[in-house]
Novice: 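Please read through the structure below; I'll follow up with questions.
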Amino acid sequence: MSRPASGAPGEAGAQISFDDNTLLPLLFGDHDRHLVRIEHALGVVLRSRGNEVAISGPPSSVAATEEVLRTLYDKLKQGLPMGGGEVEGAIRMAKGPGAGATGAASPRAEPEPALTLRTRKRPVSPRSPRQADYVRAMQNNDLVFGLGPAGTGKTYLAVAMAVSLYLTGRVERIVLSRPAVEAGERLGFLPGDLKDKVDPYLRPLYDALYDMLPADLVARRIDSAEIEIAPLAFMRGRTLSQAFIILDEAQNTTPLQMKMFLTRLGEGSRMVVTGDLTQVDLPAGAQSGLRHAVKTLEGLSGVSFVRFGTADVMRHSLVTRILEAYDAETPGDDRDRDQPPRFGVVDRSS
């Protein structure tokens, strides 16, 4: 599929050929915008002619570009969608955790098809090496903690995993929960019945579900209790068996609430707990149950911790810079001193 090509002194070159010309407009994007994005991100020059693409640039960047193009082309051959998000994800995966600003990277293994999560609306794939670690952790462990800043896909990938396992019959129901804690505001009395009062707190979970399942199917499954979306307070006294259970915004639990939730895990169930220890909305002086759980459970067999950093943020590129600016500005006295590192994966399943 590829062969070396000559380049300028100090540069490498390669040429990739594709066997299905009908896929190339999708691979290249409108007005070659996908190729332009790859050039800017990896510091290479791409020239397309017919069914071939010539690559020139630093040797490590050429290798990374080959991997990006192969990954995207393989996805198209599998019938998967292709957009800017998929291109960004392939670039992040090719760069790897230790890549520099120029996009230097060493060749990585072929993408793992098992990491693509199938939902009714669209397949969901990890878009960074840390997200890939997270998906593997959810596949291989009964209890996973996803820790890190907003926009890293912690909740979205957990919901995608839940939907994928539910659709394949590996779990019988999905249980999604959040603590009903306001983000620094006091909204006072909310009108309506109990569902109307708690739905605003649970809206992000609904949004993720609607992105993966048709709205009418979600409504039917909620009516039949095969999908349950409930505030944390509703979990006490229950045993959740044959279920995929997600606790979102777990930094806003107390240690007692966290202990109560974790002990709901029943036979044949899996649980994912997500949260950001830099955004605790509990009253001043209250200890976060998520922080307490990390200290208490890290090293326990069968529990996996995946820590995301600002480099894993999948929202607008400005969000990453905003998070980095806040991290740099936070005074030492105000910093969450016992917050765990934001990167790396600790897996104690064996």
Side-chain angles (χ1 to χ4, degrees), residues 23 26 29 72 74-90 111-127 131-132 134-135 138-139 144 146 150-178 180 192-232 234-235 238 240-249 268-274 314-316:
L23 298 178
L26 297 174
L72 296 176
D74 288 344
K75 286 188 174 185
L76 287 170
K77 290 180 72 173
Q78 296 171 39
L80 300 179
M82 183 59 56
E86 284 69 31
V87 175
E88 290 290 340
E112 302 173 54
L115 296 183
T116 297
L117 306 174
R118 303 283 177 171
T119 71
R120 188 64 62 86
K121 279 191 173 181
R122 59 189 294 272
V124 178
S125 299
R127 292 182 177 178
Q131 285 193 349
Y134 188 46
V135 172
M138 290 189 290
Q139 290 173 336
V144 176
T152 51
K154 305 182 302 294
T155 302
Y156 193 83
L157 283 173
V159 173
M161 177 65 74
V163 170
S164 177
L165 294 182
Y166 172 75
L167 291 176
T168 56
R170 296 172 65 184
V171 297
E172 295 177 359
R173 55 181 172 153
I174 299 171
V175 179
L176 309 176
S177 184
R178 289 180 66 160
D193 59 18
L194 183 61
K195 182 177 184 300
D196 294 329
K197 294 177 189 296
V198 301
D199 271 2
Y201 299 102
L202 305 173
R203 178 52 52 189
L205 298 174
Y206 282 105
D207 291 343
L209 275 176
Y210 290 141
D211 205 28
M212 299 170 198
L213 294 171
D216 59 336
L217 180 61
V218 172
R220 291 199 304 270
R221 295 298 182 262
I222 289 176
D223 288 341
S224 67
E226 292 176 54
I227 296 178
E228 180 180 352
I229 305 177
L232 179 61
F234 286 17
M235 297 294 110
R238 303 180 59 188
L240 303 173
S241 302
Q242 305 298 325
F244 196 101
I245 311 151
I246 299 172
L247 175 61
D248 193 31
E249 300 291 347
S269 290
R270 301 187 188 193
M271 183 177 286
V272 177
V273 177
T274 69
M314 298 295 151
R315 294 177 182 166
H316 193 288

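The first residue of the sequence shown is numbered 1, and numbering continues consecutively from there.
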Novice: Minimum heavy-atom separation for Arg118 to Pro123, with atom names?
Specialist: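 Result for this residue pair: NH1-CB, 4.3 Å.
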Novice: Tell me every residue that passes salt bridge (Lys or Arg N to Asp or Glu O under 4.0 Å) with Arg127, counting only those two or more places apart in sequence or in another chain.
Specialist: Glu86
Novice: Mind listing the closest non-hydrogen atom pair of Ala162 and Val171 along with its distance?
Specialist: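 Taking Ala162 first and Val171 second, the nearest heavy atoms are O-CG2, 4.4 Å.
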Novice: Compute whether any side-chain donor of one residue and acceptor of the other, for Ser125 and Thr116, lie under 3.5 angstrom apart.
Specialist: yes
Novice: Checking side-chain contact (heavy atoms from CB on, under 4.5 Å) against Leu213, which of Leu167, Thr119, Ile174 comes through?
Specialist: Leu167
Novice: Find out whether Arg220 and Glu226 are in side-chain contact, i.e. whether some heavy atom of one side chain is under 4.5 Å from a heavy atom of the other.
Specialist: no
Novice: Taking the side chain as every heavy atom from C-beta outward, state whether Ile246 and Val175 have any atom pair closer than 4.5 Å.
Specialist: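 Side chain of Ile246 against side chain of Val175, heavy atoms only: no contact under 4.5 Å found.
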Novice: CG of Asp248 to OG1 of Thr274: how many Å apart, nearest 0.5 Å?
Specialist: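 It is 3.5 Å, given to the nearest 0.5 Å.
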Novice: Met82 and Val87: which non-hydrogen atoms are nearest, and at how many Å?
Specialist: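 Nearest pair, atom of Met82 first, then Val87: SD-CG2, 4.3 Å.
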Novice: Looking at CG of Leu117 and CZ of Arg122, how far apart are the two atoms once the value is rounded to the nearest 0.5 Å?
Specialist: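 Going from CG on Leu117 over to CZ on Arg122, the span is 10.5 Å.
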Novice: Write down the atom of Leu240, the atom of Met235, and the distance for their closest heavy-atom approach.
Specialist: CD1-SD, 4.1 Å
Novice: Is there a side-chain contact between Val159 and Leu209, using heavy atoms and a 4.5 Å cut-off?
Specialist: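 Result yes, sub-4.5 Å side-chain heavy-atom pair found.
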Novice: Check whether Ser269 reaches the backbone of Phe244 with its side chain - one donor and one acceptor, N or O, closer than 3.5 Å.
Specialist: no
Novice: Is there side-chain contact between Arg221 and Glu228, with at least one heavy-atom pair below 4.5 Å?
Specialist: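 With C-beta onward as the side chain, the pair stays apart.
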Novice: Do the side chains of Arg173 and Ile227 get nearer than 4.5 Å, heavy atoms only?
Specialist: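 No, too far: nothing below the 4.5 Å cut-off.
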Novice: Start with the C-alpha distance between Met212 and Val218, add both sets of side-chain angles, then the distance that settles side chain to side chain contact (heavy atoms under 4.5 Å, CB included), and finish with yes or no.
Specialist: CA-CA 9 Å; Met212 299 170 198; Val218 172; over 6 Å; no
Novice: So, Arg178 and Glu249, do they make that salt bridge, N to O below 4.0 Å?
Specialist: yes
Novice: Distance only, no hydrogens: is a donor on one side chain within 3.5 Å (strictly under) of an acceptor on the other, for Glu172 and Tyr166?
Specialist: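 Distance-only check fails for Glu172 and Tyr166.
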Novice: If you define the side chain from C-beta out and look only at heavy atoms, does anything of Val144 sit under 4.5 Å from Val273?
Specialist: no
Novice: So, Ser164 side chain and Ala160 main chain: donor-acceptor pair closer than 3.5 Å or not?
Specialist: no
Novice: Shortest non-hydrogen contact from Ala230 to Ser177?
Specialist: O-OG, 2.9 Å
Novice: Run Ile222 and Tyr206 through side chain to side chain contact (heavy atoms under 4.5 Å, CB included) and show every step you take.
Specialist: CA-CA 11 Å; Ile222 289 176; Tyr206 282 105; 3.9 Å; yes
Novice: Measure from the side-chain N and O atoms of Lys121 to the backbone N and O of Tyr210, and report whether any donor-acceptor pair falls under 3.5 Å.
Specialist: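 Side chain of Lys121 to backbone of Tyr210: a pair is present.
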Novice: Please walk me through it: do Arg270 and Arg170 pass side chain to side chain contact (heavy atoms under 4.5 Å, CB included)?
Specialist: CA-CA 10 Å; Arg270 301 187 188 193; Arg170 296 172 65 184; 3.2 Å; yes
Novice: Arg120: which residues meet the salt bridge (Lys or Arg N to Asp or Glu O under 4.0 Å) condition with it, sequence neighbours left out?
Specialist: none
Novice: Side-chain contact, heavy-atom cut-off 4.5 Å: Leu247 with Leu176?
Specialist: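 No; the side chains remain at least 4.5 Å from each other.
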Novice: Would a distance-only check, ignoring hydrogens and angles, find a side-chain to backbone donor-acceptor pair under 3.5 Å from Tyr134 to Lys154?
Specialist: yes
